[in-house]
Amino acid sequence: KVAVPNAVAVTGFDDIPASEQFIPPITTIRQPIVRMAKEAFQGIIDGASPREIKLSAELIVRISA
C-alpha cells in the first residue's frame, strides 16, 4: 500500500472532470484548450509558418500533490 500524498505526489493535465472525483482528488494543469484550438485553426487559415505562441496555464492544486 502506498500512501498518497505522503509517499507519492500525482499530477495530471487538462483538468478533466474525473480529476476531482478520484480519491484523493488529483492536482492538475488546466490548459486553455479552446484558445489553443483557435490559434491553430487561425494559423492554418492564414497560411502562417509555424510560430511560437505562449499561453498561460493554471495549476489546480488538490490533495494529491
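Residue numbers run from 1 in the order of the sequence given.
- Hydrophobic clustering (side-chain heavy atoms under 4.5 Å, transitive across Ile, Leu, Val, Met, Phe, Trp, Tyr) keeps M36 apart from V34.
- Between the CD1 atom of I60 and the CD1 atom of I29 there is a distance of 8.0 Å, given to the nearest 0.5 Å.
- Taking both residues in full, the closest heavy atoms of D14 and I33 are given as OD1-CD1, 3.9 Å, listed atom of the first, atom of the second, then distance.
- Minimum heavy-atom separation, T27 to L59: CG2-CD1, 3.8 Å.
- For Q42, the side-chain hydrogen bond (donor to acceptor under 3.5 Å, both in side chains) partners are D46, not counting sequence neighbours.
- By the salt bridge (charged side-chain N to carboxylate O under 4.0 Å, His left out) test, R30 is found to be paired with D15, E58, residues two or more places apart in sequence or in another chain being considered.
- Scanning all heavy atoms of the two residues, the minimum distance from L55 to P32 falls at CB-CG, 3.8 Å.
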Kindly list each side-chain donor-acceptor pair under 3.5 angstrom involving residues 16-25, sequence neighbours excluded, with atom names and distances?
residue : atom : partner : partner atom : Å
S19     : OG   : I16     : O            : 3.0

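- Just one residue in the list K38, E39, Q31 forms a side-chain contact (heavy atoms from CB on, under 4.5 Å) with R35, and that residue is E39.
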